[in-house]
Number of protein chains: 2
Amino acid sequence: MKSQKISEAVVRRLPIYLRFLNELAMKNVATVSSQDLGQKLDLNPAQIRKDLAYFGEFGKKGIGYDIAYLIEKIRQILKLDRHIQVALVGAGNLGRALCNYNTYLRNDMKIVAVFDAMPSKAGETINNLTVQPMGEMKAVLSELGVRIGIITVPASEAQNVANQFVACGIEAILNFAPVIIKVPPEVRVHYADFTTELQSLAYYLD
Amino acid sequence: MKSQKISEAVVRRLPIYLRFLNELAMKNVATVSSQDLGQKLDLNPAQIRKDLAYFGEFGKKGIGYDIAYLIEKIRQILKLDRHIQVALVGAGNLGRALCNYNTYLRNDMKIVAVFDAMPSKAGETINNLTVQPMGEMKAVLSELGVRIGIITVPASEAQNVANQFVACGIEAILNFAPVIIKVPPEVRVHYADFTTELQSLAYYLD
DNA sequence: TAGATTGTTAATCGATTAACAATC
DNA sequence: TAGATTGTTAATCGATTAACAATC
């Protein structure tokens with residue numbers, strides 16, 4: 001069924017499944033049912049089965065899902081079975097913090113280049129990465145084969161950085177700046193703005 | 001229409017409207033139509049009108065929305081018209097970065113206390129805040145009237161911190177740790193895990 | 001007035017959940 | 001075999017979009 005379009009909601013749940021399956025694998029659990037999964041992840045078991053069924057028949061009736069096998073499959077689906085190079089622009093506090101997550105990302109994804117528009121920042125070292133000036137971006141990204149870009153600059157600079165990413169052939173962007181950026185339709189943008197998140201939380205206070 | 005339940009999707013868009021309206025206000029623009037708003041924010045104008053109409057009649061037919069007035073109204077809806085105190089647990093790289101966003105949050109929300117389980121961290125200063133040991137949490141939160149908690153500890157510690165937040169009467173939690181946490185239904189939890197976000201982005205690579 | 005734009009109803013679209021035959 | 005659990009269809013639920021009368 002590779003042809004049907006998978007909804008964004010489904011794709012966003014896959015990493016959550018993967019994360020929990022990895023936890024189970026570390027505890028040497030062999031199989032898991034959609035029931036168990038649903039309980040732990042606060043999701044409807046039918047939804048989990050349906051999500052997975054978009055991509056294949058990964059379970060066994062009466063048994064559940066083999067954890068090692070399902071991990072392998074989800075990694076393939078998410079394209080995490082290969083190395084994906086990531087670049088980050090904006091070596092401020094947040095950018096620096098994210099660079100230090102490299103170990104977290106395991107082998108699948110890795111921040112391999114950091115840029116900053118402030119000349120004074122160039123040359124600084126963050127977790128074995130040297131901050132480079134923006135002028136180097138095009139050359140560095142194509143040499144390293146970077147496909148995903150992270151934006152951690154102030155809102156006023158985000159569109160500018162996005163434009164440069166697009167010009168460098170970046171395929172997907174994770175934008176931490178609190179502003180909507182415009183990119184060609186073939187470039188995927190996700191947002192990760194914690195101020196927006198906090199503000200919507202306030203609504204639920206009594 | 002205060003009685004009808006407002007969907008989460010609507011609440012999540014309000015801060016996005018607010019943000020852009022603030023930008024316009026700074027440029028001294030006086031009014032804006034749902035058309036304009038939709039264009040800038042990549043949203044359907046009908047959706048914007050409907051979202052706002054849940055809360056009242058804020059626009060003028062033939063004219064659009066008065067920006068100053070709409071800002072005031074959205075701030076009231078989101079409860080950002082009062083000061084909201086926020087506490088953060090986990091003074092690692094990410095926690096430190098977030099503390100430095102205090103200026104960004106303006107007056108409406110403010111991180112007023114930082115805690116860390118590592119005794120060696122206690123006493124450190126981050127952006128005028130002194131890191132305190134976990135044992136102080138209950139006393140400090142009730143003294144400062146903290147209502148929202150931010151979790152920036154490793155996944156393995158997140159549930160534990162959440163439990164302590166709940167015991168302190170925290171009403172809402174923003175969890176940056178890559179794990180689902182369990183809290184009583186009256187406590188609201190939002191997730192802000194950038195590794196999940198990155199992994200779902202990978203799916204969209206060719 | 002004529003043009004623009006809201007608020008709102010109805011139509012559409014899509015996502016979640018329930019139910020169950022198939023089968024391990 | 002009996003019990004458990006999948007994959008999948010059908011039913012439900014909810015969110016988005018289109019359309020338009022009201023009106024500034």
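Proteins come first, then strands; the chains are lettered A, B, ... in the order of their sequence lines, and each starts at number 1. Here the structure is a predicted model, which is why all the values come from computation and not from measurement.
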Considering only heavy side-chain atoms of Lys50(A), the closest of dT16(D), dT16(C), dG7(C) is dT16(C)
Distance in angstrom units between Arg49(B) CZ and dA21(D) C1', rounded: 13 Å
Please state whether the phosphate of dG14(C), meaning OP1 or OP2, lies under 4.0 angstrom from any side-chain nitrogen or oxygen of Ser7(A). no
Atom-pair distance (CG on Asp51(B); P on dT6(C)), nearest Å: 13 Å
Whole angstrom value for the distance that separates C1' of dT6(D) from OH of Tyr65(A): 6 Å
Using Watson-Crick geometry (N1-N3 plus N6-O4 or O6-N4) or G-U wobble (N1-O2, O6-N3), each under 3.5 Å, dG14(D) is paired with dC13(C)
Do Arg19(B) and Asp193(A) have side-chain heavy atoms sitting under 4.5 Å apart? yes
Does atom CD of Glu8(B) have more than 12 heavy-atom neighbours, drawn from other residues, nucleotides or ligands, at distances under 6.0 Å? yes
Under 6.0 Å from the six-membered ring centre of Tyr203(A) and within 45° of its axis: does the NZ or CZ of Lys79(B) meet both? yes
Nearest-Å distance, CD (Gln35(B)) to C1' (dG7(C))? 15 Å
Write down the atom of Ala113(B), the atom of Val140(B), and the distance for their closest heavy-atom approach. CB-CG1, 4.0 Å
Counting side-chain heavy atoms from CB outward, which of dT16(D), dT23(D), dT6(D) is closest to Ala9(B)? dT16(D)
Walk me through whether Gln159(A) and Asn163(A) qualify under side chain to side chain donor-acceptor pair (under 3.5 Å). CA-CA 6 Å; Gln159(A) 181 63 60; Asn163(A) 293 346; 2.7 Å; yes
Find the distance Glu8(A):CD to dT16(C):C1' and express it as a whole number of Å. 16 Å
Contact class for Gln47(B) vs. all strands (heavy atom < 4.0 Å): base, sugar-phosphate, or nothing? base
Scan every strand shown for a Watson-Crick or G-U wobble partner of dC20(D), both distances under 3.5 Å, and answer none if you come up empty. dG7(C)
Output the single nucleotide from dT5(D), dT6(C), dT8(C) whose closest atom is nearest the side chain of Ser34(B). dT6(C)
Ile63(B) atom CD1 is separated from dA22(D) atom P, nearest whole Å, by 19 Å
Consider the side chain of Ala46(A), meaning its heavy atoms from C-beta on, and name the nucleotide among dT5(C), dA19(C), dA22(C) that approaches it most closely. dA19(C)
Could you tell me how far apart Leu37(B) (CG) and dG7(C) (P) are, to the nearest whole angstrom? 12 Å
Expressed as a whole number of angstroms, how long is the span from Arg13(A):CZ to dT17(C):C1'? 12 Å
Options dC24(D), dT17(C), dC24(C), nucleotide nearest the side-chain atoms of Lys60(B): dC24(D)
